[in-house]
There are 2 protein chains.
Amino acid sequence: MVESGTSASPETGHPGGDRPRLDRQRILEAGAVFIEEHGVRQLSMRRLGAELDVEAMSLYRYVPSREDLLDGIVESVVDELYSDPEVYVEPRYGWQDYLLRLAHGLRRLAVKHPQVFPLIATRPAEAPWVRPPLRSLRWVESFLRAMTQAGFSNEQAVEAYRAFSSFLIGNLLLEVAALGADIGPVEDPDPSPSRQADLTDYPLLQELQDLLSEDRSKQEFDAALDALLDRLDSQLT
Amino acid sequence: MVESGTSASPETGHPGGDRPRLDRQRILEAGAVFIEEHGVRQLSMRRLGAELDVEAMSLYRYVPSREDLLDGIVESVVDELYSDPEVYVEPRYGWQDYLLRLAHGLRRLAVKHPQVFPLIATRPAEAPWVRPPLRSLRWVESFLRAMTQAGFSNEQAVEAYRAFSSFLIGNLLLEVAALGADIGPVEDPDPSPSRQADLTDYPLLQELQDLLSEDRSKQEFDAALDALLDRLDSQLT
DNA sequence: ACCTGAACACCGTTCAAGT
DNA sequence: ACCTGAACACCGTTCAAGT
């Protein structure tokens, strides 16, 4: 990238290519944007540097490694949940209300960041029992408090936490996979006929193809969530 | 799976390091073993070649690219399901029996290949509606046939298929993550104190840490599966 | 204090060449 | 027919050097 010649104002101001100075948060956000645009596989230190008008090596002043960069991006995206006004309210309307808000907040997050969500779901967490997508001690504590205060035993609260995590991962991972289809690697669209499945040997698939292609994620999410809440409720007394 | 042929095998003389000749299936199996031993991140064409006593470039005669290699490994591991005698029986004992067998077969697969399973769960499939971990048209057809023949409507069968996939992904992905903890990248054990979470601000987590660390995956899997079957059953009639 | 250039070890992949 | 050597473009990362 040809640049510089920006000797006039060191702080700010150029309309075309100004460079607000590097800092960790700016790098993480640029990383999240880059992943959403090009996929994780395409994210290299060099390319992210270029995006920020900087050499790759400069990033190492703020981020110890590419791995740590990815962890940082995940953390920074998940932290958006704290500023979701629909989620972050005092849990005084009962545990079902709390779980509903939390689940829908995480679904909004997943749909907003379909390319980052698989990382949220699959990166190793701080401790083995901190299960995605609730990747922080603070949320786990909050979850368990809501449940125990509602009358669940310690064992039941922990079991509910696990069931809730599994429910979210399964539903949201498959939803974003169907969305962007790029849940792991591979970037090219590839609309070649080879990619179009040959259904001649599968009469039922042929018949149901329209149904199978229909997107009912929202309804299914709500239905499964409802069933989960019922199941948990039945454990209470 | 050692192949036939190679009768006198004149060129495989070395006692310690004989080289049974390259073929696609051998490469895929070696890849699966390598991933289970060292993690996906460590798998490079060069290293896999070395494992097979061959230069990396030789692999390209059987596998178009590293991406395709990973897809091939996933396919070859999932294909083990066909030779699981507990799973692959005629579905004449009812749909619940069928779903139970299938679910437990996939759980065995996940536990046997904890490092490969995340790939099974996250690699883009043949068609967008072919949801992991049932990554083949054949299994989807089989699933839908079992359900419709049991009296589910087309819509209900498709919905059941989606609910079943989500259930499996959520439960099994989190189970293998807790197992190997390496659900994505990063290889080092790192038992440093920095990795040990500081729980001073989270009294409930402190109190429940033993419960949280307990492994109850099998029971929870069975309980959630049971609840799912009940939910589906209630839609019948 | 912050960024860069050059360098190292390692990748995936191509292709002409060996046997 | 099957494998290899050399080469290319690209990585992550280190470190001494620039400003």
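Below, chains carry the letters A, B, ... as their sequence lines are ordered, and counting in each starts from 1.
- Atom CG in A:L48 sits roughly 14 Å away from atom P in C:dC3 (whole-Å rounding).
- Residues meeting the side-chain hydrogen bond (donor to acceptor under 3.5 Å, both in side chains) test with B:R162, sequence neighbours left out: A:E220.
- In DNA chain D, consecutive stretches of 3 or more Watson-Crick or G-U wobble pairs with both distances under 3.5 Å are given as paired ranges: C:4-8 with D:12-16, C:12-16 with D:4-8.
- Partners of A:T200 under the side-chain hydrogen bond (donor to acceptor under 3.5 Å, both in side chains) rule, at least two apart in sequence or in another chain, are A:D198.
- Residues satisfying the salt bridge (Lys or Arg N to Asp or Glu O under 4.0 Å) criterion with B:D79, sequence neighbours excluded, are absent altogether.
- Between A:R47 and the phosphate of D:dC11, there is a side-chain N or O to OP1/OP2 separation shorter than 4.0 Å.
- For the pair A:S58 and C:dT4, the criterion of a side-chain N or O lying under 4.0 Å from OP1 or OP2 is met.
- Distance A:L59 CG to C:dC2 C1': 13 Å, rounded to the nearest Å.
- Residue B:R41 contributes atom CZ, which lies 13 Å from atom C1' of C:dC11 at whole-angstrom precision.
- Salt-bridge annotation for B:D23 and B:R61: absent, with no side-chain N of the basic residue lying under 4.0 Å from a carboxylate O of the acidic one.
- For A:R47, the side-chain hydrogen bond (donor to acceptor under 3.5 Å, both in side chains) partners at least two apart in sequence or on another chain are A:Q42.
- The salt bridge (Lys or Arg N to Asp or Glu O under 4.0 Å) contacts involving residues 199-212 of chain A comprise nothing, where partners must be two or more places apart or lie in separate chains.
- Every side-chain hydrogen bond (donor to acceptor under 3.5 Å, both in side chains) that A:R131 has, sequence neighbours left out, goes to A:S166.
- At a threshold of 4.0 angstrom between heavy atoms, the contacts of B:S44 are confined to the sugar-phosphate backbone, with no base atom among them.
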Would you mind writing out the side-chain donor-acceptor pairs for residues 172-180 of chain A within the sub-3.5 Å range, not counting sequence neighbours?
| unit_1 | atom_1 | unit_2 | atom_2 | d |
| --- | --- | --- | --- | --- |
| A:E175 | OE1 | A:R107 | NE | 3.1 |
| A:E175 | OE2 | A:R107 | NE | 3.4 |
| A:E175 | OE2 | A:R107 | NH2 | 2.6 |

Between protein and nucleotides 13-15 of chain D, what N or O pairs are separated by less than 3.5 Å?
| unit_1 | atom_1 | unit_2 | atom_2 | d |
| --- | --- | --- | --- | --- |
| D:dT13 | OP2 | A:Y60 | OH | 2.9 |
| D:dT13 | OP2 | A:R66 | N | 2.8 |
| D:dT13 | O5' | A:Y60 | OH | 3.4 |

